[in-house]
Visitor: 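Take a look at this one; I'll ask things after.
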Amino acid sequence: MIARNRPKPTFQTDGADWSTKVRAKKLEKFVLGLYQKLDIYAQGVRVFRDATIFGTGCLMLYAEDGELHVERVPIDDVLADEREARDGKPRQMHRRFFVDKEVLARLYPDNADSIRSCQSVYAGSKLSQSNQVAVLESWRMPSQEGGDDGVHAICIRDACLHHEGWKGEFPFIFFRWSEPIVGFYGQGLAELVTGIQLRINKLNRFIDRCQDLIAVPRVFMDIAGKVPKAHLSNEIGQVIPTRGGAKSVQFYTPPAVAPETYQRLQDLKRSAFELAGISQLSAQSKKPADLASGAALREYNDIESARFAIQAQNFEEFHMQIAARLVALAKETYKGDKTVTFQARKFVQSIKWKDVDPEEDTFRIDIEAASIMSRTPAGRLDAALEMFQYGAINNDEFRRLLGHPDLEREMDIETANIEDIEATIEELVSGEFNPPEPTQDLEMGLKRIAMAERKARREGAPEDILEGFRTWLSQAGAMMKQAQPPTPPTPIDPATGMPMGPGMGEMPPAGGPAPMGGPMGGAPPMPGPPMMPV
């Protein structure tokens, strides 16, 4: 419910001029292009999974060879002193990783002898020795902001391979399932239910042993009977001789444990779900039987997800930190002509860093909530019915959705015209002019682009931008006027030479009155007597 959402970082301005607002919009697309290039959302899901299991997930962002890189780091390989990090803010951190000796020697040829002579790490057991060596990369923050006594070092057991000053932040971004009261590492769901899980494990071992030793089919045979033992096999059931039995041969399979033991096991599982705040139906990907409508399902999911509101907010904050770190790394790494491609559903746009490079404290990063559509067929059908009832789709479109409720595709088709006009507005805002086309919804374009022109004028857009809006509106209006059918010429009455009005020359309806004279119909009026001067 949380990790499947994709929080979208947006850049907001406060009291900025027109050029800054346009730059903020482009920077938003630039960062989303980096999200797509670096596969941030997929990496975020892996970090989220680490946090649920181990309590803390870690994502490392760094620049190398003029490019940005993102890497999920297992939290066991991130080392922080718990005493130093009692408040959750350590001054130094270390990352442990393993590299092949020859690869490391090629990267640091001055220390090749020390690298090759360093003790290798063991892969599984001492009998299976690898050619890898443990490497520790360390960062220490400056003693004060802007200080020059920070350190970044890369070491192996017997040598320091790299040493330099460090002024920035740690290259890690953390997501914690539950914030620790004291210390650095968070608490995960697995740790939360550890006590219950240990008891469940103990009961499972007890039940398994009882089923192996007790719940075994056995055969009781009266030794005075006439059935020879050789006719029975004890590979499955053990043959037990008895005396004085009512039957010569009796088969018996005893119960392994009492029913209360199985009930206790189910109670423990239910307690674990309740403690974690997850319903068993959600864990099994099922919905309550009495919930049929999409609105009811959305309400049910909202009530259930309220238990994880803090985790959802932390996940959004996690993505805000990623966006801020990407901008900071790009500012340090990218040159003016560095280009990132942003791909939307309808178009692909290449954006240069020099067009979005922000000034200090210019933008504020916010998170836009992800759109959540119903993911079950029943919920999609119900959503289609709601769209039909509200007039968002017509009868034919609703019939088509009944067979395959692809709501996203239907909404893409229904909103194609308005999205095309919105793309035209973005082009005009950025100073790019493309003339209107006959295939566009020009009537909608005239209305929305006129509103966008008024908004741009109030926000102080330069004159060349406003002129682009006016030119588009003028050309679109001319195209609409040309597309209208020509007005038929007004007929002329041959008797008077005057234009004939509507209905002139038409025969009166059967049985109806004859048309009255006058310029509006029928014969011209008879001339009256001349007016005498008074």
Visitor: Would you call the rings of Trp139 and His152 parallel, tilted or perpendicular, taking 30° and 60° as the class edges?
Guide: parallel
Visitor: In Å and rounded to the nearest 0.5 Å, what is the OG1 to CG distance from Thr52 to Leu192?
Guide: 12.0 Å
Visitor: Got a second to check how far Arg270's CZ is from Leu275's CG, nearest 0.5 Å?
Guide: 14.0 Å
Visitor: Under 3.5 Å, is there a donor-acceptor pair linking the side chains of Asp81 and Gln92?
Guide: no
Visitor: Take atom CG in Leu198; do more than 12 heavy atoms of anything else shown fall under 6.0 Å from it?
Guide: yes
Visitor: For Trp177, run the ring-ring contact (aromatic ring centres under 6.0 Å, His included) check against Phe308, Phe54, Phe315 and tell me which one passes.
Guide: Phe308
Visitor: Under the 3.5 angstrom rule, does the side chain of Arg23 hit a backbone N or O of Asp357 as a donor-acceptor pair?
Guide: yes
Visitor: Counting N and O atoms only, with roles assigned by atom type, does the side chain of Trp166 sit under 3.5 Å from a partner on the main chain of Gly168, one being a donor and the other an acceptor?
Guide: yes
Visitor: For Lys25, is the NZ atom crowded, meaning more than 12 foreign heavy atoms sit under 6.0 Å from it?
Guide: no
Visitor: More than 12 non-hydrogen atoms from neighbouring residues, nucleotides or ligands closer than 6.0 Å to CD on Glu82, yes or no?
Guide: yes
Visitor: Is there a salt bridge (Lys or Arg N to Asp or Glu O under 4.0 Å) between Arg457 and Glu453 once you walk through the steps?
Guide: CA-CA 6 Å; Arg457 182 160 25 93; Glu453 189 272 340; 3.1 Å; yes
Visitor: Can a donor-acceptor pair be found, under 3.5 Å and without considering hydrogens, that links the side chain of Lys338 to the backbone of Thr333?
Guide: no
Visitor: Are any non-hydrogen side-chain atoms of Phe318 and Ile173 less than 4.5 angstrom apart?
Guide: yes
Visitor: Can you measure from CD (Glu71) to CZ (Arg46) and round to the nearest 0.5 angstrom?
Guide: 9.0 Å
Visitor: Would you say that more than 12 heavy atoms from the other residues, nucleotides or ligands in this model lie under 6.0 Å from the CZ of Arg470, or not?
Guide: yes
Visitor: Does Phe206 have more than 12 heavy atoms from other residues, nucleotides or ligands lying within 6.0 Å of its CZ?
Guide: no
Visitor: Do Gln313 and Glu317 have side chains that approach each other closer than 4.5 Å (heavy atoms only, starting at C-beta)?
Guide: no
Visitor: For the pair Asp208 and Arg205, find out whether any cationic side-chain nitrogen is under 4.0 Å from an anionic carboxylate oxygen.
Guide: no
Visitor: Measure across Val133 and Cys118 and return the closest heavy-atom pair with its distance rounded to 0.1 Å.
Guide: CG2-SG, 3.3 Å
Visitor: In Å and rounded to the nearest 0.5 Å, what is the CG to CD distance from Leu68 to Glu332?
Guide: 10.0 Å
Visitor: For a quick check under 3.5 Å, do Gln440 and Thr424 share a side-chain donor-acceptor pair by atom type?
Guide: yes
Visitor: If only atom types and distance count, is the side chain of Lys331 paired as donor or acceptor with the main-chain N or O of Pro358 below 3.5 Å?
Guide: yes
Visitor: Compute whether any side-chain donor of one residue and acceptor of the other, for Asp149 and Ser143, lie under 3.5 angstrom apart.
Guide: yes
Visitor: For Thr339, is there any backbone N or O sitting under 3.5 Å from a side-chain donor or acceptor partner on Tyr334?
Guide: no
Visitor: Does Ile200 offer a backbone N or O that forms a donor-acceptor pair with the side chain of Asn204 under 3.5 Å?
Guide: yes
Visitor: With the side chain counted from C-beta on, respond yes when Lys447 and Met444 share a heavy-atom pair under 4.5 Å apart, and no when they do not.
Guide: no
Visitor: If you compare all heavy atoms of Met93 against all heavy atoms of Phe170, which two are closest, and at what distance to 0.1 Å?
Guide: SD-CD1, 3.6 Å
Visitor: Just so I know, are the side chains of Asp441 and Asp420 near enough to count as touching, which here means a heavy-atom distance under 4.5 Å?
Guide: no
Visitor: Is the Phe433 to Trp472 ring centre distance short of 6.0 Å?
Guide: no
Visitor: Do the two ring centres, one from Phe174 and one from Phe184, sit under 6.0 Å apart?
Guide: yes
Visitor: Does Arg95 offer a backbone N or O that forms a donor-acceptor pair with the side chain of Glu137 under 3.5 Å?
Guide: no
Visitor: Just by modelled atom types, is the Gly186 backbone N or O under 3.5 Å from a matching donor or acceptor in the Thr56 side chain?
Guide: yes
Visitor: Heavy atoms only: give me the nearest Leu32-Pro9 pair and the separation to one decimal.
Guide: CD2-CD, 4.1 Å
Visitor: Is a side-chain donor or acceptor of Arg96 paired with a backbone partner of Asp76 at a separation under 3.5 angstrom?
Guide: yes
